Amino acid sequence: MLSLTDSIRISSPLSDSRLSFLSQTGSRTSRQLKFVRSRRARVSRCRCSATEQPPPQRRKQRPEKYKQSEEEKGIDPVGFLSKYGITHKAFAQFLRERYKSLKDLKDEILTRHFSLKEMSTGYELMGMHRNMQHRVDFLEWAPGARYCALIGDFNGWSTTGNCAREGHFGHDDYGYWFIILEDKLREGEEPDKLYFQQYNYAEDYDKGDTGITVEEIFKKANDEYWEPGEDRFIKSRYEVAAKLYEEMFGPNGPQTEEELEAMPDAATRYKTWKEQQKKDPASNLPSYDVVDSGKEYDIYNIIGDPESFKKFRMKQPPIAYWLETKKGRKGWLQKYMPALPHGSKYRVYFNTPNGPLERVPAWANFVIPATGSPSLDVAELLYSFADADGMQALAVHWEPPPEYAYKWKHKLPVKPKSLRIYECHVGISGQEPKVSSFNDFISKVLPHVKEAGYNAIQIIGVVEHKDYFTVGYRVTNFYAVSSRYGTPDDFKRLVDEAHGLGLLVFLEIVHSYAAADEMVGLSLFDGANDCYFHTGKRGHHKFWGTRMFKYGDLDVLHFLLSNLNWWVEEYHVDGFHFHSLSSMLYTHNGFASFTGDMDEYCNQYVDKEALLYLILANEVLHALHPNVITIAEDATLYPGLCDPTSQGGLGFDYFANLSASEMWLALLENTPDHEWCMSKIVSTLVGDRQNTDKMLLYAENHNQSISGSRSFAEILIGNSLGKSSISQESLLRGCSLHKMIRLITSTIGGHAYLNFMGNEFGHPKRVEFPMSSNNFSFSLANRCWDLLEDVVHYQLFSFDKDMMDLDKNGRILSRGLANIHHVNDTTMVISYLRGPNLFVFNFHPVNSYERYIIGVEEAGEYQVTLNTDENKYGGRGLLGQDQNIQRTISRRADGMRFCLEVPLPSLQVDPNSKSMITLVIKVPHMMTQKERFYIALTLINIDTFPR
């Protein structure tokens, strides 16, 4: 029997639904909610026994996949040590402790964030954002502040007009301040009747107010969406209870206990109800029936009509009607005035224990750092954003109307197997003595890069920085594109046009330190010294005066990880070059003598928190964006830079070998040619053979664009190419050596090569940014593109272009490591194989070899296809037509089955014999339609360069 005091538990099919988060991957990542219905719930039950106890629930068994050990998952904290045969107990223990710290850090992150993905998308909430409910939301992290307000031209720079509210809704326990700027209702307009009225500002910008009221839309939904009788209990959810109450306690109900008859049992009452319903008209409501199972527990199976259940499940939520309540941008502008119009100037105001402060928001995406510096040439558009005095830094609210906002046109290029990177700086990319813009770079530099044969550009100095002479390495605003070169949409157009040409776009990111500026930077952001950076000496770079990040703080990690993801999501960059990792990996900032001992990588001077950040950065980037490329710049070559994080590495894709450029610079400036050591050259260029395939090499002066040091071309041929300033002999040798260094550097190392802007045609001038020491001169802060009209520079450019074509057509860099089979310090000859390609370099300043024997693996006739002594490369054409074909000899040499007798002409004083010869030869019988089998033979002979 079922009494009124009995408990009833009814579970519908939807009650077993589970709420899950599904991550969507794409150009924009978002979190969506989805109902996943249980496949078990097909029959719902109604328990009618008051004495029955629910059966004990079984403890769910964990799936087998959660029982896998770390070894089964492929995680080995010291895996790369075994790979390279490194046996160092202290470093191995350091890696194990670091892995444990990484797990603890991830667990700590998940206590505050849903996932690492959520932690790296802070830009979706932080900073200034347009809310669809006709308002602007501002969120900032300043744990040391007591009061937070927004000041700007939109509120007359008032410190009380727009401030965070008191209590939890104004700021939380972690120091995050939340400010709402409500749009102002226009005169004569009435407030929205719907409290949560939304306006689609971006997509439906051409949609106005249709005049349909919310009541009409809801009535339309009730009429069209709900079928007859389906919404009966939604409109009156207490109808059943009210009728039951009236029947029992109403005026027509029993008045005395005697009149209260015994309540029939459930089966009798059900049969009575069924009899009453048989004459009811047909209904579209789901039909139910009750079947007595005959069990003593008095349990009835409630059987639903399959067709009704299927129809109910197929019914979509009435989202379309809710979307119809949204209005477009025109409807919003008709009713409201923006609280923060596009182009508004603003700063954030804090009241701190040390007094009031004004700061540029840390998450601002467009900043004017200062417009009064004589080193800047800001466009007229940007000057219109400047403060009245022209000196105060400020943020600019960048929210162009959707119809004018930049729209992407090109898809992302396919990730190449080898990288030919063209490094450039937008500000000095022009020929005029001024700061060039993004638009100048698009029209002048991008076509040149494409013609030169490179497949990627690496841009330095794009992130906002206050001082132009710092080249962009002292970053002040990590989420802002430098306003010197244009607007955020201008930079989007640059990236898009580069993608249209098939060029990847890499950004040189500086997360190893930050500028020490307070007004526009992050230093003392909230008045406290430990907001983003370490306190004391550890918080300052020992030599550069910059601030060092506190990588162990979750909010700092939130800021930095989100910053990396921001540049990929917002600007579609394809990768990052992490600048100066040695500054962050060690508490001595890398300014210590390294002997190569493994103890130096795990002693007390190593910053474990910085290592954990780099591991997280690579894991997050490669998980969210599988095709992203990360390049590490570390002068100390920390072990495991390019090994997987699951094997104890840091997870980078490439690392820059800085010692190669330092070696070439030392040889050119300080070492006579006859004292060059071939073994040292080779060992420096190939490193220790660990991850050599992931090495990025470049033949440039690393300090060329930092401290104004001379470029290689300036060292070799001077800064002027007039015939009166340099002899023909020195010019020929300088150009030949310029080609030789670039060729051996690009072909002997890994899968990546880099060239700095202008050096491909031997730019003869160094880079020196405007500063007080040179009276803010732009004479050395540009590129002389007109030199390409000069014969010598055009010949150097032609050689560099054909050198890039060697990799483009012959896939030299993407092949395996070079097989260096001949290094002779006496004859000063280097020879190596790269796939089917053979390279031979003769560095001897005097000796010539008529028949120098070089081993080769394949027999046949080798035909010359590229000769640096040709007239088009500035050579003299000394190699005759009869020497364009070389036939192998059946004799073992250099461990090979065959050999070539290569003529290496001497470079004596006789002007008719001075030349460097670079030959690229091919084996005719080995060429196929799909792949050309190139053999590169480089014959180079140099004399002592006059010092």
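Given the structure is predicted, the values throughout are model-derived calculations rather than measurements.
- Scanning both residues, Thr745 and Ala699, for their nearest heavy atoms gives OG1-CB, 3.8 Å.
- Here CG of Leu641 is found 12.5 Å from CD1 of Ile631. Values are rounded to the nearest 0.5 Å.
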Exercise for review: Go through Leu614 and Leu581 one step at a time and tell me if the side chain to side chain contact (heavy atoms under 4.5 Å, CB included) criterion holds.
Suggested key: CA-CA 9 Å; Leu614 293 177; Leu581 294 187; 4.1 Å; yes
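- If you check the side chains of His88 and Asp599, you find a donor sitting under 3.5 Å from an acceptor.
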Practice item. Determine, stepwise, if the pair Asp634 / Thr636 fulfils side chain to side chain donor-acceptor pair (under 3.5 Å). Key: CA-CA 5 Å; Asp634 177 23; Thr636 66; 2.8 Å; yes
Exercise for review: Test Tyr638 against Ser582 for side chain to side chain donor-acceptor pair (under 3.5 Å), laying out the working first.
Suggested key: CA-CA 9 Å; Tyr638 194 87; Ser582 57; over 6 Å; no
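- Side chains of Ile715 and His738 form no contact here, defined as non-hydrogen atoms less than 4.5 Å apart.
- A parallel orientation is assigned to the rings of Phe839 and Phe841, their planes being inclined by less than 30° (bins at 30° and 60°).
- Between the side chains of Asp574 and Asn627, no donor-acceptor pair of N or O atoms lies under 3.5 Å.
- Arg897 and Glu857 are joined by a salt bridge, as a carboxylate oxygen and a charged side-chain nitrogen come within less than 4.0 angstrom of each other.
- Taken to the nearest 0.5 Å, the CD1 atom of Ile629 stands 5.5 Å off from the OH atom of Tyr654.
- Counting heavy atoms from C-beta on, the side chains of Ile459 and Val573 never come closer than 4.5 Å.
- Across every non-hydrogen atom of Asp807 and Ser814, the tightest pair is OD1-N, 4.0 Å.
- Here the two rings, on Phe756 and Tyr422, have centers that are 6.0 Å apart or farther.
- Between Arg742 and Glu760 there is no salt bridge, since none of the side-chain N atoms of the basic residue sits less than 4.0 Å from a carboxylate O of the acidic one.
- Separation of the Tyr473 and His579 ring centroids falls under the 6.0 Å cut-off.
- Under the 4.5 Å side-chain criterion, counting only non-hydrogen atoms from C-beta, Leu585 is not in contact with Tyr601.
- Between Ala859 and Thr888, the shortest heavy-atom distance links the atoms CA-OG1, 3.4 Å.
- Among all heavy-atom pairs drawn from Leu637 and Ala656, the shortest one is CD2-O, 4.3 Å.
- The aromatic rings of His448 and Phe761 sit perpendicular to each other, their planes meeting at more than 60°, with 30° as the lower class boundary.
- Nearest heavy atoms, Ile853 versus Asp894: O-OD2, 4.3 Å.
- We find the NE2-CG distance between His763 and Leu787 to be 6.0 Å, quoted to the nearest 0.5 Å.
- Lys739 NZ to Tyr873 OH: the interatomic distance, rounded to the nearest 0.5 Å, is 9.0 Å.
- Taken to the nearest 0.5 Å, the CG atom of Asp800 stands 9.5 Å off from the CG atom of Asn759.
- Going from atom CG of Asn824 over to atom CZ of Phe843 covers 13.0 Å, rounded to the nearest 0.5 Å.
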Point to revise | Val767/Arg783 under side chain to side chain contact (heavy atoms under 4.5 Å, CB included): CA gap, chis, key distance, verdict | key: CA-CA 9 Å; Val767 177; Arg783 297 282 88 180; 3.2 Å; yes
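- For the pair Lys694 and Asp653, the salt-bridge criterion is not met [side-chain N within less than 4.0 Å of a carboxylate O].
- Between His425 and Ile460, the shortest heavy-atom contact is CD2-O, 3.4 Å.
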Practice item. May I have the step-by-step check of side chain to side chain contact (heavy atoms under 4.5 Å, CB included) for Ser746 and Leu697, ending in yes or no? Key: CA-CA 7 Å; Ser746 64; Leu697 285 173; over 6 Å; no
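- Side-chain atoms of Glu633 and Ser580 include no donor-acceptor pair closer than 3.5 Å.
- With hydrogens and angles ignored, the 3.5 Å screen pairs no side-chain donor or acceptor of Trp664 with any backbone N or O of Phe712.
- Between Phe80 and Leu95 there is a side-chain heavy-atom pair separated by less than 4.5 Å.
- The closest side-chain heavy-atom distance from Ile830 to Val682 is below 4.5 Å.
- The number of heavy-atom neighbours closer than 6.0 Å to NZ of Lys680, taken from other residues, nucleotides and ligands shown, is 12 or below.
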